[in-house]
Amino acid sequence: MRAASCLSSKVWRCRLLCCSAAHRFQSQLPGQGKYRRVVPSLLAIGREEGLAALYKGFVPKALRLGIGQSVGLVMFEQVRLVMFEQVRRALHGAGRTGESWGCRHARV
């Protein structure tokens, strides 16, 4: 469990740094060639602006991801309940139960 947590932390950190580089790529004007590849861009940002510049925008990104995940989870649960209700109605209309179809989670 600890190894998975450590790996997840490293992946999150790498993803955040790559997003920082991608933001620089997208915000430069056409014809400007300061940022072209990820690793040299990250090194240039760290050298010119300091390591703290690599984590610029972390809080808004974390909040946006957290809110987005929460909304997605709520929507998934609501859709799942609606789908199970439709399955239950269809099974009752056909005279079958959820168990006969292998649906242990269908609320019959």
Side-chain angles (χ1 to χ4, degrees):
M1 183 69 156
R2 187 176 215 170
S5 174
C6 183
L7 179 63
S8 173
S9 172
K10 301 263 188 239
V11 168
W12 173 258
R13 209 171 285 146
C14 180
R15 185 174 170 210
L16 180 67
L17 293 176
C18 289
C19 284
S20 177
H23 178 70
R24 298 294 176 108
F25 293 146
Q26 294 169 356
S27 65
Q28 67 185 1
L29 297 172
Q32 282 183 331
K34 186 174 182 180
Y35 303 113
R36 293 185 182 177
R37 295 185 312 240
V38 175
V39 175
S41 298
L42 292 174
L43 292 174
I45 293 168
R47 189 173 42 251
E48 294 170 8
E49 301 175 35
L51 293 177
L54 295 173
Y55 292 98
K56 230 189 272 184
F58 172 73
V59 173
K61 181 178 178 71
L63 288 174
R64 185 175 63 242
L65 288 174
I67 292 170
Q69 292 294 323
S70 300
V71 169
L73 179 64
V74 169
M75 290 300 298
F76 171 76
E77 286 296 320
Q78 293 301 315
V79 169
R80 186 180 67 84
L81 289 175
V82 168
M83 296 287 287
F84 277 146
E85 181 63 26
Q86 288 180 355
V87 166
R88 186 185 66 79
R89 286 183 185 162
L91 291 176
H92 276 304
R96 297 186 177 116
T97 64
E99 294 294 328
S100 66
W101 284 88
C103 300
R104 293 177 296 177
H105 301 292
R107 297 179 184 172
V108 181

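Values below: all heavy atoms of this structure, side chains included; hydrogens, waters and symmetry mates excluded. Start at 1 with the first residue, then count along the sequence.
Not counting sequence neighbours, Gln69 has no partner by the side-chain hydrogen bond (donor to acceptor under 3.5 Å, both in side chains) test. Evaluation of the side chain to side chain contact (heavy atoms under 4.5 Å, CB included) rule for Val71 yields Ile67, Met75 as partners, not counting sequence neighbours.
Under the 4.5 angstrom side-chain criterion for Ile, Leu, Val, Met, Phe, Trp and Tyr, Phe76 has no cluster partners at all. With a 4.5 Å cut-off between side-chain heavy atoms of Ile, Leu, Val, Met, Phe, Trp and Tyr, the cluster of Val79 takes in Met83.
Residue pairs meeting the salt bridge (charged side-chain N to carboxylate O under 4.0 Å, His left out) criterion with at least one member in residues 62-79, sequence neighbours excluded: Glu77-Arg80.
Between atom CG of residue Leu42 and atom CZ of residue Arg47 there is a gap of 11.0 Å, rounded to the nearest 0.5 Å. We find the CD-CG distance between Gln86 and Leu81 to be 11.5 Å, quoted to the nearest 0.5 Å.
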